[in-house]
Every structure is written in C-alpha cells, then in structure tokens.
Number of protein chains: 2
Amino acid sequence: MKLSTRGKYGLYAMIFLAQHHGEGPQSLKAIAEVGTPESYLEQLLGSLRRADLVKTVRGAQGGYQLSRPPEDITARDILEAMEGPFSLSDCVGEGDSPCARKENCPARSVWEFLTDKFNGLLDSITLADMIHQNLNQTT
Amino acid sequence: MKLSTRGKYGLYAMIFLAQHHGEGPQSLKAIAEVGTPESYLEQLLGSLRRADLVKTVRGAQGGYQLSRPPEDITARDILEAMEGPFSLSDCVGEGDSPCARKENCPARSVWEFLTDKFNGLLDSITLADMIHQNLNQTT
DNA sequence: CGGAAACCCGACAAAATCGGTCGGGATTCA
DNA sequence: TGAATCCCGACCGATTTTGTCGGGTTTCCG
C-alpha cells in the first residue's frame with residue numbers, strides 16, 4: 001500500500017520547480033539533479049505538462065516551469081497527474097462499478113469514505129505549503 | 001494509486017465474518033459466496049490468521065471466525081494485514097531511508113504528514129462501524 | 001474405524017505493472 | 001548551421017499481482 005516512484009519523483013520535480021519559480025525555465029538536467037534518472041524524468045514531466053501543471057519552453061535555453069503559482073497547485077493535482085485518480089477499490093469512482101452489489105455494500109461505503117477524506121487531505125496541501133514547511137498539523 | 005484486490009477481498013471477508021460473529025465458525029465456502037475465488041481467498045485468510053484477526057477451527061464443521069469483537073478491529077488492522085504497512089514513499093517508515101537528504105527534504109514531510117493522517121483515518125473505522133453503516137462523516 | 005469435511009501449505013504460472021532505456025524527431029537560440 | 005533542448009513512442013527486464021493446483025493434516029460423525 002504505497003505509491004510508485006512516479007509520484008515520488010513527480011513531487012520532487014514539482015518542489016524543485018516551485019523553489020525556482022519565477023527564475024525562468026529550468027532544464028531537465030537541472031531538475032534531475034534532485035536525484036532522478038533523466039530519461040525517466042522526461043516522461044514524467046510529460047505527464048505533468050499534459051495535466052497542465054507545468055509549461056515548457058522548447059529549444060535551447062528552454063525548460064520547464066510551473067504553469068500556476070505554487071499556492072494554486074495541490075498535492076492532489078500532482079499525485080493524480082502521476083498516478084491516476086486515487087480510488088481504493090475499482091468499485092468506486094469512474095465507470096460502472098463491476099461490483100454487482102452496488103448499493104447496500106458495506107465495503108463500498110468504506111472505500112467512499114476513505115477516498116473522500118484522503119482526497120480532501122491532498123487538496124489541503126499546496127506546493128507553497130511544502131516549500132515553506134508549513135503543513136498544518138492540526139487539520 | 002489504488003490498493004490491490006487483496007485489500008478488497010480481505011475487507012469483504014472480514015465484513016462477512018463480522019456479520020456472522022457469534023454464530024460459530026464460517027466455512028471458506030460460505031465466505032467466498034461474497035464473490036471471491038475460493039482458492040485465492042484461502043491464502044488471504046491465512047494472512048488474516050497470522051495477523052491474529054481471525055481464528056480457525058480445523059476439521060469438519062470447522063471454519064473461520066473473528067478473534068476479537070468487531071468493535072476491536074479497525075480498517076487499518078485489516079488493510080495492513082493484507083497489504084503491508086501503508087507508507088507513501090519508501091523514504092518514510094521502517095528501515096534506514098535510502099534517501100540521502102534525510103532531514104530538510106520538503107517531500108519527506110509531505111509523506112509523513114499524509115501517512116500519519118491516513119493511518120489515523122484507518123484507525124478510526126472499526127468493523128462494527130462498517131456493518132452498522134455509521135461512518136462518521138464529520139471526522 | 002473410516003470417510004468426508006474442512007483448513008493448511010508450498011510450488012507454480014500467466015498477466016499486469018513498474019521502472020526505466022533508447023533512438024530519432026522537432027524547436028529554438030546564438 | 002549547430003548545439004541545446006524538449007517530445008514521443010517503442011521496447012525491455014524485473015517484480016508484483018492474482019490466482020491455480022496438489023497434496024497434507026485435523027477433526028467430526030456415523
């Protein structure tokens with residue numbers, strides 16, 4: 001029950017970009033310094049771009065930068081972009097749940113409850129919070 | 001970012017056992033009625049037994065039953081038994097995090113924050129809550 | 001006592017996912 | 001024009017997931 005390296009590397013990258021926000025585009029190479037295989041990271045940044053979290057400038061002197069200020073990007077934005085929507089069981093969320101006992105399934109409400117709460121948690125953390133180290137311990 | 005079928009099936013099984021708590025041992029076959037491949041479920045129940053969540057009675061008329069009342073078993077107990085401890089990144093939790101930047105890593109505190117909160121959430125739900133459909137929506 | 005009804009356990013395996021690598025293309029700056 | 005970049009898709013080995021299977025053990029019941 002853990003998330004993959006995509007989420008981890010993606011968050012690293014976004015934190016790096018937040019720390020250098022406003023300093024112009026950051027090259028892949030620079031971002032990878034944080035400790036991510038460069039060619040892999042490239043793919044991940046592709047996902048972040050398609051999720052509209054980063055903008056890119058192509059060509060020499062190009063690179064990546066946040067497409068919104070750090071206060072407007074949440075942990076959920078990032079993690080969902082990297083790992084797909086967080087849903088504990090396939091019987092909740094998108095798509096017609098293949099679960100026959102749709103209503104009246106005690107497990108189902110557990111999944112719903114948990115996904116809800118967890119998403120709320122993720123929504124409550126912004127990139128700005130992260131780089132300023134102020135995670136509200138009492139939420 | 002979802003959990004595996006182990007967690008799902010495991011929870012189904014435990015809910016079933018909770019619903020029949022006090023009625024004597026329930027056979028594998030009966031539990032599998034909930035919709036789980038029988039031979040797979042057998043393995044999963046093994047994990048639950050080793051985690052001390054269910055007791056078994058061997059031999060004819062044997063079966064599985066909760067080893068504690070439903071109020072004393074939490075979602076976390078079950079999910080951890082099935083999927084191992086919940087930790088978002090390998091750099092938090094047991095073992096010497098292979099993450100060099102141990103302290104002073106903004107990502108790390110995010111993982112810690114989230115794992116903490118989520119574990120708390122899981123702890124707050126008991127089997128009894130599940131079968132009585134009273135998940136506290138305002139926690 | 002002798003089945004039959006259960007649980008127990010380890011080996012095996014197909015399929016999916018993960019964690020990348022690689023090569024070639026397209027853009028842009030100097 | 002050439003170097004610095006990003007872009008994209010194909011590929012690949014390792015691991016994990018999701019089971020199946022076969023045989024063993026324990027216990028009840030007639």
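This one's a predicted model, so the numbers in the text were calculated from it and none came from an experiment. A note on names: the letters A, B, ... follow the listed sequences, proteins ahead of strands, and every chain is numbered from 1.
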Taking only Lys NZ, Arg NE, NH1 and NH2, and the carboxylate oxygens of Asp or Glu, determine whether A:Lys29 and A:Glu33 approach each other closer than 4.0 Å.
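Result for this pair is no, no salt bridge flagged.
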
Phosphate OP1/OP2 of [N] contacted by [X] side-chain N/O (<4.0 Å):
| X | N | result |
| --- | --- | --- |
| B:Ser4 | D:dT18 | yes |
| B:Tyr9 | D:dT18 | no |
| B:Tyr64 | C:dC8 | yes |
| B:Arg49 | C:dC8 | yes |
| A:Thr56 | D:dC7 | yes |
| A:Ser39 | C:dT21 | yes |
| A:Arg58 | D:dC7 | no |

If you pin B:Ser27 and B:Gln43 to their nearest nucleotides in DNA chain C, which one's is more 5'?
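Residue closer to the 5' terminus by nearest nucleotide: B:Ser27.
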
Looking at every strand, decide which applies to [X] at a 4.0 Å heavy-atom threshold: base, sugar-phosphate, or nothing.
| X | result |
| --- | --- |
| A:Leu45 | nothing |
| A:Glu38 | nothing |
| B:Gly62 | sugar-phosphate |
| A:Glu83 | nothing |
| B:Gly63 | sugar-phosphate |

Length of the line joining [X]:[atom1] and [N]:[atom2], which is rounded to integer Å:
| X | N | atom1 | atom2 | value |
| --- | --- | --- | --- | --- |
| A:Leu44 | D:dC6 | CG | P | 14 Å |
| A:Tyr40 | D:dC6 | OH | P | 18 Å |
| B:Leu28 | C:dA5 | CG | P | 15 Å |
| B:Lys8 | D:dT17 | NZ | P | 15 Å |
| A:Gln61 | D:dT5 | CD | P | 6 Å |
| A:Leu41 | D:dC8 | CG | C1' | 15 Å |
| B:Gln65 | C:dC7 | CD | P | 11 Å |
| A:Leu48 | D:dC6 | CG | C1' | 14 Å |

Would you mind reporting whether B:Ser47 and B:Arg6 have side-chain heavy atoms less than 4.5 Å apart?
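Yes, close enough: below the 4.5 Å cut-off.
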
Could you work out which one of D:dT20, C:dG20, D:dA4 sits closest to the side chain of A:Pro37?
C:dG20

With hydrogens left out and only the distance checked, is there a donor-acceptor pair under 3.5 Å joining A:Glu42's side chain and the base of D:dC7?
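Result: at least one qualifying N/O pair found.
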
Do A:Ile131 and A:Ile78 share a hydrophobic cluster, counting only Ile, Leu, Val, Met, Phe, Trp and Tyr and linking them when any side-chain heavy atoms are less than 4.5 Å apart?
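Yes, it is one cluster - the side chains of A:Ile131 and A:Ile78 are joined through contacts under 4.5 Å.
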
Determine whether a donor-acceptor pair (N or O, by modelled atom type, separation under 3.5 Å) exists between the side chain of B:Glu80 and the backbone of B:Pro85.
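No; zero donor-acceptor contacts below 3.5 Å.
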
Between A:Gln26 (side chain only) and A:Gly24 (backbone N and O only), is there a donor and an acceptor less than 3.5 Å apart?
yes

Residue mapping more 5' on DNA chain D - nearest nucleotide basis, A:Arg50 or B:Leu3:
A:Arg50

Which of these passes side chain to side chain contact (heavy atoms under 4.5 Å, CB included) with A:Pro25: A:Leu17, A:Val57, A:Val54, A:Thr56?
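Only match with A:Pro25 under side chain to side chain contact (heavy atoms under 4.5 Å, CB included): A:Val57.
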
